[in-house]
Amino acid sequence: MAAIKKLVAPLAEERILMAKETVAYYEGLQEFRIAESAGEVVGCGALHVMWEDLAEVRTLATDAKWRGKGLGHALVEHLLAEARNLGVSRVFCLTFEVEFFRRHGFAVMADQSAVDPAVYSELLRSHDEGVAEFLDLARVKPNTLGNTRMIRTL
């Protein structure tokens, strides 16, 4: 977790990623995949399943020295393959990096109601901040100002 937090910190300072409390990283530990070079963590990303057909790509980050070399692409493709293996048919992200995700088949969500009302009601019961952000709940708006919701159908 220390390596992931170190990787994310400069991106959070630049407002490319949102900073998280350490506990949030530990709660999602099993969801993370990392990329290593010479024993050093140089990239990470997580896939968080929210519902039977919906997951989120979270905390996609690469070390500055590795940007533009395809590492982010490889991480996204790996996470999408995991989603397919789990039977998830839609993957979304909340991002400031719209063009990067557009190149990976994501589109800006035109309709913010990506789930039917019954599922929306179930998701409201979640304590997960990412779910609250996806649902566009008022309590998280100050944290997501400027984020774009994007989705990809697999």
Tell me which donor-acceptor pairs under 3.5 Å the side chains of residues 69-79 have, and how far apart each pair is, sequence neighbours excluded?
| unit_1 | atom_1 | unit_2 | atom_2 | d |
| --- | --- | --- | --- | --- |
| Lys69 | NZ | Lys65 | O | 3.2 |
| His73 | ND1 | His104 | NE2 | 2.8 |
| His78 | NE2 | Glu82 | OE2 | 2.9 |

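With sequence neighbours excluded, no residue satisfies side-chain hydrogen bond (donor to acceptor under 3.5 Å, both in side chains) with Thr153. In terms of the side chain to side chain contact (heavy atoms under 4.5 Å, CB included) criterion, residue partners of Ala46 (sequence neighbours excluded) are, by chain and number, Glu31, Phe32, Arg58. Ser89 pairs by the side chain to side chain contact (heavy atoms under 4.5 Å, CB included) definition with Asp53, not counting sequence neighbours. The side chain to side chain contact (heavy atoms under 4.5 Å, CB included) check on Ile34 picks up Ile4, Glu36, Val41, Cys44, with sequence neighbours excluded. Taking Arg102 as the reference, Val98, Glu99, Val108, Met150 meet the side chain to side chain contact (heavy atoms under 4.5 Å, CB included) condition, with sequence neighbours excluded.
For the residue pair Leu47 and Ala83, the shortest heavy atom distance occurs at CD2-N, 3.6 Å. Among all heavy-atom pairs drawn from Tyr25 and Met1, the shortest one is CB-SD, 3.2 Å. Closest heavy-atom contact between Ala61 and Val8: CB-CG2, 4.2 Å. Among all heavy-atom pairs drawn from Met18 and Ala12, the shortest one is C-CB, 4.4 Å.
Separating the OH atom in Tyr26 from the NZ atom in Lys20 is a distance of 14.5 Å, to the nearest 0.5 Å. Rounded to the nearest 0.5 angstrom, Thr95 OG1 and Leu17 CG are separated by 7.5 Å. Interatomic distance, CG of Asn147 versus CG of Leu94, reported as 5.5 Å (0.5 Å rounding). For the atom pair Thr148 OG1 and Met109 CE, the distance stands at 11.5 Å (nearest 0.5 Å). Between atom CD of residue Glu97 and atom CZ of residue Phe106 there is a gap of 13.5 Å, rounded to the nearest 0.5 Å.
In the displayed structure, Glu21 atom CD is contacted under 6.0 Å by at most 12 heavy atoms of other residues, nucleotides or ligands.
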**Request:** Verify side-chain contact (heavy atoms from CB on, under 4.5 Å) between Val42 and Thr62, making sure each step is shown before the conclusion.
**Result:** CA-CA 6 Å; Val42 296; Thr62 58; over 6 Å; no

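Under the 4.5 Å side-chain heavy-atom criterion for grouping Ile, Leu, Val, Met, Phe, Trp and Tyr, Phe92 is connected to Trp51 within one hydrophobic cluster. By the criterion of side-chain heavy atoms lying less than 4.5 angstrom apart, applied directly or through intervening Ile, Leu, Val, Met, Phe, Trp or Tyr residues, Leu60 is not grouped with Leu7; the two fall into different hydrophobic clusters. With hydrophobic clusters built from ILVMFWY side chains whose heavy atoms lie under 4.5 angstrom apart, Ile16 does not share a cluster with Val57.
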